[in-house]
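Presented below is the structure to which this report refers.
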Amino acid sequence: MNFPLKHAAKILSYSTLLAVALTTNSATANDRFKDVEIKPIKLSDSVYMFVGAGGNIGVSVGNDGLLMIDDQFAPLADKISAALNEIQAGSPKFIINTHYHGDHTGANAHFGSTGTIMAHHNVLKRLASDEQTTPDALPVITYDHGITVHFNDDALKVRHMGPGHTDGDSVVIWSKANIVHMGDLFFKDKFPYIDLKAGGDVEGYRDNVAKALRDMTDKTIVIPGHGDLANKSDLARFKHMLDASINWMRDQKESGIALEDLKKQGLPEKWKDWSWNFISEDKWIETLHKGL
């Protein structure tokens, strides 16, 4: 029988409605991820990149055990564990969150029950503000400017970069292996998502990419937050797009062109193919307009 939701709300208690919603959301989430494969890409004898759904995962393996950077979505936790165990048995001792978004921290509760999560102070603040976040999902070690983890014969430098993608971004640098995990300060060949409501900053984002580039060599392997494995040249091209976008928007705003007219006009042709399903050309123009 069909009847308006307001009538259904009178029949079902609030708790019943909530239970139905949570069950539906859980079933939908599990269905969404049921065909996802976690694919390991070997970068060195002790470093891997895992690709699945959500942010790319960095993994350190060796005599000290397992360390993981980001952990994608909660429904993928068992698949991620299985992929880890194919490389080296055991659970990660440490989990580093590059920022708080759910596609990078969704499996925190699973891995945090046996390992230690670390992140910038603001990641803890934002995760803890969500009443659905369980204690196991929260960072135990937090830092301001950064921390160095001496693990598997390397020094992993975890550096907070200042406001950019969010207000809690970190990059992770393997000193010996010459590998950098950029978190969501790098969307390879795509317009980035800059979360302005979570302390993100357009110019700060560009400046943080510039900081990361200065510490790289031509042989640096770059793990992007999203997209294929990359190198310094790929990140430099990304930074060039950011520079061009920012300069273009500044010129448009100085000319007094309205946002809707800017969308109709569009970005210079050179950058149009950087649009994708999550950050379209219109969305990127909106972000630039509001952020600048």
Side-chain angles (χ1 to χ4, degrees), residues 36-72 76-99 104-105 107-108 110-120 123 139-141 143 146-161 169-186 188 212-235:
V36 172
E37 294 182 29
I38 305 298
K39 300 177 181 178
I41 300 171
K42 189 172 184 177
L43 309 184
S44 75
D45 288 341
S46 62
V47 182
Y48 289 78
M49 169 176 142
F50 281 10
V51 178
N56 292 325
I57 296 172
V59 179
S60 171
V61 303
N63 292 332
D64 293 330
L66 295 167
L67 177 150
M68 185 165 61
I69 302 165
D70 291 340
D71 50 40
Q72 298 193 354
L76 295 174
D78 289 339
K79 291 184 178 184
I80 295 168
S81 292
L84 288 170
N85 277 298
E86 286 183 8
I87 296 170
Q88 182 168 312
S91 300
K93 290 184 178 180
F94 298 103
I95 303 95
I96 300 171
N97 292 158
T98 61
H99 60 290
H104 294 255
T105 63
N108 267 14
H110 176 90
F111 293 106
S113 64
T114 55
T116 300
I117 302 172
M118 61 183 72
H120 185 262
V123 175
V140 174
I141 297 173
Y143 49 82
I147 191 171
T148 300
V149 184
H150 299 273
F151 200 75
N152 289 332
D153 298 318
D154 210 330
L156 279 71
K157 299 177 181 178
V158 186
R159 296 291 177 259
H160 173 56
M161 305 297 284
D169 306 330
S170 295
V171 301
V172 183
I173 304 161
W174 280 262
S175 301
K176 292 182 182 178
N178 197 14
I179 296 169
V180 180
H181 193 307
M182 289 291 296
D184 277 3
L185 285 171
F186 187 21
K188 185 175 183 291
L213 279 166
R214 286 196 291 269
D215 292 332
M216 293 182 184
T217 71
D218 291 340
K219 294 183 178 180
T220 300
I221 298 171
V222 184
I223 300 174
H226 296 267
D228 297 334
L229 190 65
N231 55 33
K232 182 180 180 180
S233 178
D234 295 320
L235 186 60

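Since the model is a prediction, treat every value here as computed from it, not as a measurement.
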**Asked** Stepwise, does the side-chain contact (heavy atoms from CB on, under 4.5 Å) test hold for Leu84 with Phe111?
**Response** CA-CA 12 Å; Leu84 288 170; Phe111 293 106; 4.1 Å; yes

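- Here the straight-line distance linking atom CG of Leu66 with atom CD of Gln88 works out to 5.0 Å at 0.5 Å rounding.
- For Asp184 against Gly225, the heavy-atom pair with the smallest separation is OD1-CA, 3.4 Å.
- Counting heavy atoms from C-beta outward, Leu156 and Phe94 have side chains that stay 4.5 Å or more apart.
- For the atom pair NE2 (His120) and NE2 (His99), the distance works out to 14.0 Å, reported to the nearest 0.5 Å.
- The structure places NE2 of His160 at 12.5 Å from OG1 of Thr98, a figure rounded to the nearest 0.5 Å.
- For the residue pair Ser60 / Asn152, a side-chain donor-acceptor distance below 3.5 Å is found, with atom types taken as modelled.
- Between the CD1 atom of Ile80 and the CD1 atom of Ile57 there is a distance of 4.0 Å, given to the nearest 0.5 Å.
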**Item:** Check against side-chain contact (heavy atoms from CB on, under 4.5 Å), Phe151 and Lys93
**Value:** CA-CA 10 Å; Phe151 200 75; Lys93 290 184 178 180; 4.2 Å; yes

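- Atom CD1 of Ile96 and atom CD1 of Ile147 lie 8.5 Å apart (nearest 0.5 Å).
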**Request:** Decide yes or no on side-chain contact (heavy atoms from CB on, under 4.5 Å) for Ile223 and Leu229, but give the supporting numbers first.
**Result:** CA-CA 5 Å; Ile223 300 174; Leu229 190 65; 4.2 Å; yes

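- Residues Asp169 and Val171 form no side-chain contact, since every pair of their non-hydrogen atoms from C-beta on lies 4.5 Å or further apart.
- Listed by chain and residue number, Phe186, Lys188, Ala230, Asn231, Arg237 satisfy the side-chain contact (heavy atoms from CB on, under 4.5 Å) test with Asp234 (two or more places apart in sequence, or in another chain).
- Of the possible donor and acceptor atoms, none in the side chain of Asp71 sits under 3.5 Å from a partner among the backbone N and O of Ile95.
- Looking at Ser175, its side chain does come within 3.5 Å of a backbone N or O of Ala155 through a donor-acceptor pair.
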**Asked** Passes side-chain contact (heavy atoms from CB on, under 4.5 Å), His110 versus Ser81? Steps please.
**Response** CA-CA 9 Å; His110 176 90; Ser81 292; 3.1 Å; yes

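- In this structure, Arg159 and Thr148 have side chains that are in contact, with non-hydrogen atoms separated by less than 4.5 Å.
- Judged purely by atom type and a 3.5 angstrom limit, Gln72 has no side-chain atom pairing as donor or acceptor with the backbone of Ala107.
- For Thr220, the side-chain hydrogen bond (donor to acceptor under 3.5 Å, both in side chains) criterion is met by Asn178, Thr217, not counting sequence neighbours.
- Between Asp70 and Asn97 the shortest side-chain heavy-atom distance falls below 4.5 Å.
- In this structure, the side chain of Thr105 does not engage the main chain of Asn108 through any donor-acceptor pair within 3.5 Å.
- Inter-residue side-chain proximity for Trp174 and Ser46 is flagged as unmet; no heavy-atom pair is nearer than 4.5 Å.
- For the atom pair Arg214 CZ and Lys232 NZ, the distance stands at 11.0 Å (nearest 0.5 Å).
- Residues Ala83 and Ile38 approach most closely at CB-CG2, 3.8 Å, considering heavy atoms.
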